[in-house]
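The figures that follow rest on heavy atoms only: side chains count, while hydrogens, waters and symmetry mates do not.
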Amino acid sequence: QVQLVESGGGLVEPGGSLRLSCAASGNIFSINDMGWYRQALGKERELVARITSSSRTNYADSMKGRFTISRDNAKNMVYLQLNSLKPEDTAVYYCYAQIMRPFRAYDNYWGQGTQVTVSS
């Protein structure tokens, strides 16, 4: 069993900041890529950012310079710092991880999502 649990979402005013965290736990042998997607109401899920096991990062163009992804390999955690938030950033944010369980291939696992609402 593998579980991803996000935390850190909430309500913030435009221009504010939030830090999202995601912890992977369970029967984990190795973690490859980790990252964040988001889904706004009525829209498709979109990539926010991803980070490799060697901490190479990749961001969606609209989030470059405002969001920062990082990870702690020792703790099996990935973080997303959200700065200069805009109302259009309102969405459910999901973390994912490519996880290898013992004697198995890599599979993608997802968290349950955390709501970020940007509003005055």
Side-chain angles (χ1 to χ4, degrees):
Q1 259 326 42
V2 171
Q3 190 175 20
L4 271 64
V5 178
E6 302 107 330
S7 60
L11 173 64
V12 63
E13 293 186 347
S17 297
L18 283 173
R19 188 184 192 224
L20 308 183
S21 300
C22 175
S25 62
N27 196 13
I28 297 171
F29 180 77
S30 175
I31 302 179
N32 195 10
D33 287 3
M34 303 182 82
W36 295 89
Y37 278 70
R38 71 182 185 184
Q39 188 167 20
L41 197 61
K43 296 188 176 181
E44 293 187 356
R45 191 173 294 192
E46 63 175 345
L47 174 70
V48 176
R50 64 165 64 97
I51 183 168
T52 69
S53 57
S54 58
S55 294
R56 291 173 60 185
T57 59
N58 174 249
Y59 295 90
D61 287 342
S62 63
M63 298 153 213
K64 286 180 182 177
R66 297 192 299 125
F67 295 175
T68 303
I69 190 170
S70 61
R71 66 190 283 175
D72 185 331
N73 290 333
K75 296 180 179 179
N76 291 338
M77 294 194 68
V78 62
Y79 307 96
L80 187 67
Q81 179 67 40
L82 310 172
N83 295 329
S84 303
L85 283 162
K86 306 174 183 179
E88 51 264 41
D89 294 318
T90 295
V92 178
Y93 285 69
Y94 298 90
C95 76
Y96 80 93
Q98 296 176 338
I99 294 175
M100 178 187 284
R101 295 164 60 191
F103 309 111
R104 304 187 70 155
Y106 279 104
D107 280 321
N108 288 330
Y109 292 86
W110 293 86
Q112 81 287 351
T114 186
Q115 177 71 47
V116 172
T117 302
V118 185
S119 175
S120 54

query: Would N58 and R50 count as having a side-chain donor-acceptor pair, cut-off 3.5 Å?
result: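 Per modelled atom types, N58 and R50 side chains form a pair under 3.5 Å.
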Margin query: Looking only at the side chains, is there a donor atom on one of S17 and N83 sitting less than 3.5 Å from an acceptor on the other?
Written below: yes
Which heavy atom of [X] sits nearest to which heavy atom of [Y], and what is that distance?
X   : Y    : value
L47 : W36  : CD1-O, 3.7 Å
S30 : Y106 : OG-OH, 2.9 Å
A91 : Q115 : O-NE2, 3.4 Å

Intermediate values then yes/no, side chain to side chain contact (heavy atoms under 4.5 Å, CB included), D89 and R38
CA-CA 9 Å; D89 294 318; R38 71 182 185 184; 2.9 Å; yes
Those residues at least two apart in sequence (or on a different chain) that pass ring pair (Phe, Tyr, Trp, His ring centres under 6.0 Å) with Y96 are Y37, W110
Open item on the list: Other residues, nucleotides and ligands only: do more than 12 of their heavy atoms fall within 6.0 Å of CD on E88?
Closed with: yes
How many angstroms lie between [atom1] in [X] and [atom2] in [Y], if you round to the nearest 0.5 Å?
X    : Y   : atom1 : atom2 : result
S7   : M77 : OG    : CE    : 6.0 Å
I99  : L4  : CD1   : CG    : 5.0 Å
S119 : L85 : OG    : CG    : 12.0 Å
L11  : L18 : CG    : CG    : 9.0 Å

Honestly curious: do L20 and V12 fall in one hydrophobic cluster under the side-chain, below-4.5 Å linking rule?
yes
Same cluster or not: V5 versus V78, using hydrophobic residues (I, L, V, M, F, W, Y) connected whenever any side-chain heavy atoms lie under 4.5 Å apart? no
Can a donor-acceptor pair be found, under 3.5 Å and without considering hydrogens, that links the side chain of [X] to the backbone of [Y]?
X   : Y   : result
R19 : Q81 : no
S84 : R66 : no
E6  : C95 : yes

Does anything in residues 43-92 form a ring pair (Phe, Tyr, Trp, His ring centres under 6.0 Å)? List the pairs, not counting sequence neighbours.
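Sorted result for residues 43-92: empty, none.
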- Message: Would you say that R101 contacts Y109 through its side chain, given a criterion of any heavy-atom pair below 4.5 Å between the two side chains?
- Response: yes
- Query: Side chains of V2 and I28: does their closest heavy-atom pair fall under 4.5 Å?
  - Reply: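 When only atoms from C-beta onward are counted, I28 and V2 do touch, with a gap below 4.5 Å.
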Can you confirm if the NZ or CZ of R45 lies within 45° of the ring axis of Y94 and under 6.0 Å from the centre of its six-membered ring?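 Judged by the rule (NZ or CZ under 6.0 Å from the ring centre, within 45° of its axis), R45 counts as positioned above Y94.
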Basic-acidic side-chain contact under 4.0 Å: D61, K64: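 Judged by the 4.0 Å cut-off on N to carboxylate O distance, D61 and K64 do form a salt bridge.
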Would T68 and L80 satisfy side chain to side chain contact (heavy atoms under 4.5 Å, CB included), going step by step from the backbone distance to the final call? CA-CA 6 Å; T68 303; L80 187 67; over 6 Å; no
Q.
Between E46 and M63, does the side chain to side chain contact (heavy atoms under 4.5 Å, CB included) criterion hold? Intermediate values first, please.
A. CA-CA 11 Å; E46 63 175 345; M63 298 153 213; 3.9 Å; yes
- Evaluate the criterion side chain to side chain contact (heavy atoms under 4.5 Å, CB included) for residue pair I69 and V48; output intermediate values, then yes/no. CA-CA 9 Å; I69 190 170; V48 176; over 6 Å; no
_Name the residue from M100, Q98, R71 that meets the side chain to side chain contact (heavy atoms under 4.5 Å, CB included) definition with I31._
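Considering M100, Q98, R71, a side chain to side chain contact (heavy atoms under 4.5 Å, CB included) with I31 is found only for R71.
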